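Input: a single structure, listed below in structure tokens.
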Amino acid sequence: MKKEEILQVLPERLQNLIEGAVPDWEVLQEIHIRCGKMITLTLRGKKIVPEQNGQVVSRKEFRETLEYISNYSLYAFEEEIRKGYLTIPGGHRIGVAGKVVLEQGKVRTLRHISFLNIRISHEIKGCAKEVLPYLFEQDRFLSTLLVSPPGAGKTTLLRDIVRNVASGGSFFSARNVSVVDERSEIAGCYLGVPQKDVGKYCDVLDACPKSEGIRMMIRSMAPEVIAVDEIGTRQDYEAMTYALTSGCALLATVHGNSLQHIREKPLWGQILTEQMFRRIVFLQIGNAPGMIRAVYDGKGQVIAE
């Protein structure tokens with residue numbers, strides 16, 4: 001299915017080129033398409049340039065790709081394009097770049113789009129199995145932070161934790177989970193409908209800034225757990241504090257390699273000192289997304305590795 005979802009938005013020559021260069025679609029992470037340049041693929045963190053006999057992506061091929069991606073109406077996706085990306089069926093996110101049109105100093109839209117980055121969304125059900133027992137205490141979900149270097153699968157793991165928490169398991173009951181999906185990567189919504197399995201009792205606020213979305217979900221959806229990806233601003237911190245004082249648990253991610261590394265990030269020394277998270281899970285890059293390196297408690301003590 002993943003293969004068909006991607007190939008259907010590409011012209012025939014590009015379809016054939018990518019099919020011939022990708023032996024396993026589970027390791028394909030990105031397809032970079034630049035008008036007038038060669039296609040570049042990223043497979044498990046490594047960039048490759050397939051043999052193209054010197055033939056670059058033509059303006060006609062690039063225009064066709066834009067038409068397929070937008071169902072022949074870029075205008076209908078203008079709000080998403082203004083943020084630098086749009087989402088296609090299957091939850092795959094496509095980054096766009098070109099000439100920015102400003103209005104009162106803010107980005108209104110993009111014109112002359114000439115660069116695309118198709119980020120393949122991977123859903124690996126079961127990848128959270130090993131870590132789930134550490135995230136509960138007497139049937140209570142503990143606020144959890146996932147820490148990961150780029151490319152280690154933190155969003156994939158986050159999604160599978162959300163799916164499990166929102167559905168229940170053998171040693172824990174289901175919770176109402178609210179996902180604030182600012183970049184449409186967790187649930188991969190297309191026209192408001194999640195393309196990924198985020199569980200039975202999960203509500204999604206798509207394409208909304210995290211700091212605003214957390215408050216909106218608390219006011220409207222009665223969440224027991226709030227899940228967000230890549231936190232780190234002062235506004236995020238204030239919204240997370242509001243969530244905790246409202247009785248919600250948190251599930252969040254941040255880029256990092258070690259406790260010392262994230263302590264050096266703005267605000268994170270304060271966040272760790274206040275023990276906003278009862279569990280801190282470190283991921284490592286490996287043969288599969290979401291591989292666990294170690295689990296710490298909120299005091300920074302190792303409880304599993």
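Values in this document were obtained by computation on a predicted structure and should not be read as measured data.
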What's the verdict on salt bridge (charged side-chain N to carboxylate O under 4.0 Å, His left out) for E80 and K83, showing C-alpha distance, side-chain angles and the deciding distance? CA-CA 5 Å; E80 284 189 271; K83 297 178 181 179; over 6 Å; no
Check the hydrophobic clustering (I, L, V, M, F, W, Y; side-chain heavy atoms under 4.5 Å; chains of links allowed) and say if I161 and V225 are grouped together. yes
So which of L74, L102, V101 actually passes side-chain contact (heavy atoms from CB on, under 4.5 Å) with T109? V101
Contact check, side chains of V295 and R279, non-hydrogen atoms, under 4.5 Å: yes
Heavy-atom distance under 4.5 Å between the side chains of C189 and V204, does that happen here? yes
Strictly by modelled atom types, are K2 and H92 linked by a side-chain donor-acceptor pair under 3.5 Å? no
May I have the step-by-step check of side-chain contact (heavy atoms from CB on, under 4.5 Å) for T65 and F62, ending in yes or no? CA-CA 5 Å; T65 304; F62 196 90; 5.6 Å; no
How long is the gap from NZ on K299 to CD1 on I280, to the nearest 0.5 Å? 13.0 Å
Between V162 and L157, is there a shared hydrophobic cluster once you connect ILVMFWY residues whose side-chain heavy atoms come closer than 4.5 Å? yes
Out of curiosity, does M240 fall in the hydrophobic cluster containing I226 (side-chain heavy atoms, cut-off under 4.5 Å, transitive links)? yes
For D197, run the side chain to side chain donor-acceptor pair (under 3.5 Å) check against K125, R159, R163 and tell me which one passes. K125
Would you check if there is a donor-acceptor pair between the side chains of E4 and Q8 at a distance under 3.5 Å? no
Contacts of S184 that satisfy side chain to side chain contact (heavy atoms under 4.5 Å, CB included) - sequence neighbours left out: Y85, T87, D206, A207
Can L283 be reached from M291 by stepping across I, L, V, M, F, W or Y side chains whose heavy atoms are under 4.5 Å apart? no
Going through the distances and angles, do L14 and E61 end up as a side-chain contact (heavy atoms from CB on, under 4.5 Å)? CA-CA 8 Å; L14 304 188; E61 289 175 322; 4.2 Å; yes
Who pairs with R34 by salt bridge (Lys or Arg N to Asp or Glu O under 4.0 Å), at least two apart in sequence or on another chain? none
Going by the rule salt bridge (Lys or Arg N to Asp or Glu O under 4.0 Å), which residues pair with R183 if we only count those two or more places apart in sequence or in a different chain? E185, E230
The single option from D181, T253, T156 that satisfies side-chain contact (heavy atoms from CB on, under 4.5 Å) with I186 is D181
A side-chain contact here means heavy atoms from C-beta on lying under 4.5 Å apart; do I218 and P223 qualify? yes
Taking it one step at a time, do F172 and F141 satisfy ring-ring contact (aromatic ring centres under 6.0 Å, His included)? CA-CA 8 Å; F172 59 91; F141 181 79; 8.6 Å; no
Between E5 and Q195, does a side-chain contact (heavy atoms from CB on, under 4.5 Å) hold up when you go through it step by step? CA-CA 11 Å; E5 291 164 350; Q195 303 294 289; 5.9 Å; no
Can a donor-acceptor pair be found between the side chains of Q15 and E19 at a distance below 3.5 Å? no
Test of understanding: clusters of I, L, V, M, F, W, Y form through side-chain heavy atoms closer than 4.5 Å, transitively. Do M276 and F282 belong to the same one? yes
More than 12 heavy atoms from other groups under 6.0 Å of OH on Y190: yes
D236 versus S211, side-chain donor and acceptor atoms under 3.5 Å: no
Are the side chains of W268 and L145 in contact, using a 4.5 Å heavy-atom criterion? yes
Check this for me: does any side-chain nitrogen of one of D229 and K210 sit under 4.0 Å from a carboxylate oxygen of the other? no
For the residue pair Y296 and I303, establish whether any side-chain heavy-atom pair is separated by less than 4.5 Å. no
So, Y201 and E224: side-chain donor and acceptor under 3.5 Å apart, yes or no? no
Stepwise, does the side-chain contact (heavy atoms from CB on, under 4.5 Å) test hold for R82 with L110? CA-CA 6 Å; R82 183 179 67 82; L110 290 176; over 6 Å; no
